[in-house]
Amino acid sequence: MEIYIVLTDTGTLFTRFIKLFTKKPLNHASISFTKELDSTFSFGRKRPNNPFVGGFVKEDMAGRLFKYADCAIYKCSVSKLQYEHMRHFVRQIEHNQYCYKYNFIGLFGVLFNKSIDVENAFFCSQFVSTVLNSGAIQINSKPSSLVKPSDFMESKNLQLVYEGKLSEFLEQQGETTNRRYPIGMEDYICIPS
């Protein structure tokens with residue numbers, strides 16, 4: 001089984017502000033349980049127009065926020081048990097999502113290399129790292145509260161699958177899905193667009 005780590009740059013004002021400090025091209029991390037990225041989760045903005053209202057989100061990778069996003073997508077091979085542990089961890093947070101908030105204070109900790117854990121709060125890369133840890137996968141020796149999106153790029157546990165425009169990757173996945181049927185069969189099968 002495989003899980004996917006999606007690193008993005010949406011080009012928003014908040015992302016550009018973070019880039020001033022990180023000096024890295026991709027500053028948002030998400031985790032997906034499908035190659036099509038239709039089951040992608042993170043901690044980020046709850047409302048597309050407001051970066052300061054954040055928390056647990058199931059991300060619409062084909063939505064407006066990611067429409068022009070640059071990305072790098074990594075995969076990690078996992079056992080069925082690891083996959084189930086990670087999915088269970090995310091489902092628990094999803095079920096209780098209103099108890100969770102975005103860890104803005106933790107971001108400042110990362111800037112000063114000081115681990116700041118806030119109960120029931122994550123920033124994006126902290127969340128992804130914690131999910132991976134729930135499946136016994138470590139990105140590096142840092143605590144999750146100090147993991148940055150760029151750390152995923154350097155991890156030996158992850159393999160780069162794609163780098164470029166997110167919309168192009170999603171189009172490729174749609175083409176792959178459509179190719180599963182014999183030529184001419186798409187006339188008889190409803191394929192969502």
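No experiment lies behind these values; they were computed from the predicted model shown. Position 1 is the first residue of the sequence; numbering continues from there. What you see below is based on every heavy atom in this structure, not just the backbone, and it leaves out hydrogens, waters and symmetry mates.
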(message) Please evaluate residues Y4 and K35 with respect to the criterion side-chain contact (heavy atoms from CB on, under 4.5 Å), reporting the C-alpha separation (whole Å), side-chain torsions for both, the decisive distance (0.1 Å), and the verdict.
(response) CA-CA 7 Å; Y4 297 86; K35 187 176 182 181; 3.6 Å; yes
(message) Under the rule for side-chain hydrogen bond (donor to acceptor under 3.5 Å, both in side chains), what residues qualify as partners of K67, not counting sequence neighbours?
(response) none
(request) Using modelled atom types only, decide if a donor and an acceptor are shared between the side chain of N103 and the backbone of G106 within a distance under 3.5 Å. (result) yes
(message) Using side-chain contact (heavy atoms from CB on, under 4.5 Å), reason through R45 and Y102 one step at a time and then give a plain yes or no.
(response) CA-CA 8 Å; R45 52 178 77 197; Y102 193 87; over 6 Å; no
(request) Would you mind reporting whether D70 and T8 have side-chain heavy atoms less than 4.5 Å apart? (result) no
(request) Starting at CD1 of I5, measure out to SG of C71 and round the result to the nearest 0.5 Å. (result) 13.0 Å
(request) Could you check if a side-chain atom of F169 sits within less than 4.5 angstrom of a side-chain atom of Q173, using non-hydrogen atoms only? (result) yes
(request) Enter the distance from F112:CZ to L107:CG here, rounded to the nearest 0.5 Å. (result) 11.5 Å
(request) List the steps and the verdict of side-chain contact (heavy atoms from CB on, under 4.5 Å) for Q126 and V147. (result) CA-CA 6 Å; Q126 178 186 23; V147 171; over 6 Å; no
(request) Rounded to the nearest 0.5 Å, what's the gap from OG on S125 to CD1 on I31? Could you check? (result) 12.5 Å
(message) Taking the side chain as everything from C-beta on, heavy atoms only, tell me whether C76 gets closer than 4.5 Å to L158.
(response) yes
(message) According to side chain to side chain contact (heavy atoms under 4.5 Å, CB included), who are the partners of V90, at least two apart in sequence or on a separate chain?
(response) F33, F41, F56, R87, F127, V131
(request) Report the residues that fulfil side chain to side chain contact (heavy atoms under 4.5 Å, CB included) with D60, sequence neighbours left out, ordered by chain and then residue number. (result) A62
(message) Do Y83 and I3 have side chains that approach each other closer than 4.5 Å (heavy atoms only, starting at C-beta)?
(response) yes
(request) State which residues pass side chain to side chain contact (heavy atoms under 4.5 Å, CB included) with K80; sequence neighbours excluded, sorted by chain then number. (result) M1, E84
(request) Calculate, to the nearest 0.5 Å, the distance between atoms CD1 and CD belonging to I137 and Q82 respectively. (result) 4.5 Å
(request) State, yes or no, whether a side-chain contact exists between Q172 and Y162 at a heavy-atom distance under 4.5 Å. (result) yes
(request) Tell me, please, which residues at least two apart from K75 pass side-chain hydrogen bond (donor to acceptor under 3.5 Å, both in side chains). (result) E2
(request) Evaluate the side-chain proximity of D9 to N27: yes if any heavy-atom separation is below 4.5 Å, no if none is. (result) no
(request) Identify the heavy atoms of N157 and Q138 that sit nearest to each other, and give their distance. (result) ND2-O, 2.5 Å
(request) Mind checking the CG-NZ spacing from L7 to K24? Nearest 0.5 Å is all I need. (result) 12.0 Å
(message) If you compare all heavy atoms of A29 against all heavy atoms of F152, which two are closest, and at what distance to 0.1 Å?
(response) CB-CE1, 3.9 Å
(message) What's the separation between atom CD in E59 and atom OG in S32, rounded to the nearest 0.5 Å?
(response) 10.0 Å
List, one per line, each side-chain donor-acceptor pair under 3.5 Å for residues 113-123, sequence neighbours excluded.
residue, atom, partner, partner atom, Å
S115, OG, S145, OG, 2.3

(message) side-chain contact (heavy atoms from CB on, under 4.5 Å), that's the test. Do T40 and K58 meet it? Break it down for me.
(response) CA-CA 6 Å; T40 304; K58 181 174 182 185; over 6 Å; no
(request) Please answer: with hydrophobic residues joined when any side-chain heavy atoms are less than 4.5 Å apart, are I73 and Y68 in the same cluster? (result) no
(message) Is any side-chain heavy atom of L26 closer than 4.5 Å to one of P149?
(response) no
(message) In this structure, would F104 and V128 fall into the same cluster of hydrophobic residues linked by side-chain contacts under 4.5 Å?
(response) yes
(request) For H28 and S42, work out which heavy atoms get closest and say how close. (result) CE1-OG, 3.3 Å
(message) Side chains of S155 and N140: any donor to acceptor distance under 3.5 Å?
(response) no
(request) State, with a plain yes or no, whether a side-chain heavy atom of T10 is found less than 4.5 Å away from one of F66. (result) yes
(request) Could you tell me which non-hydrogen atom of L170 sits nearest to which non-hydrogen atom of M61, and how far apart they are? (result) CD1-O, 3.4 Å
(request) Group every Ile, Leu, Val, Met, Phe, Trp and Tyr by side-chain heavy-atom contacts under 4.5 Å, then state whether V78 and L81 land in the same group. (result) no
(message) On a heavy-atom basis, which atom in V57 and which in G44 lie closest, and how many Å separate them?
(response) CG2-N, 3.9 Å
(request) Indicate whether any N or O donor in one side chain lies under 3.5 Å from an N or O acceptor in the other, for K46 and Q97. (result) yes
(message) Show the nearest heavy-atom pair for residues D151 and K142, with the distance to one decimal.
(response) OD2-NZ, 2.9 Å
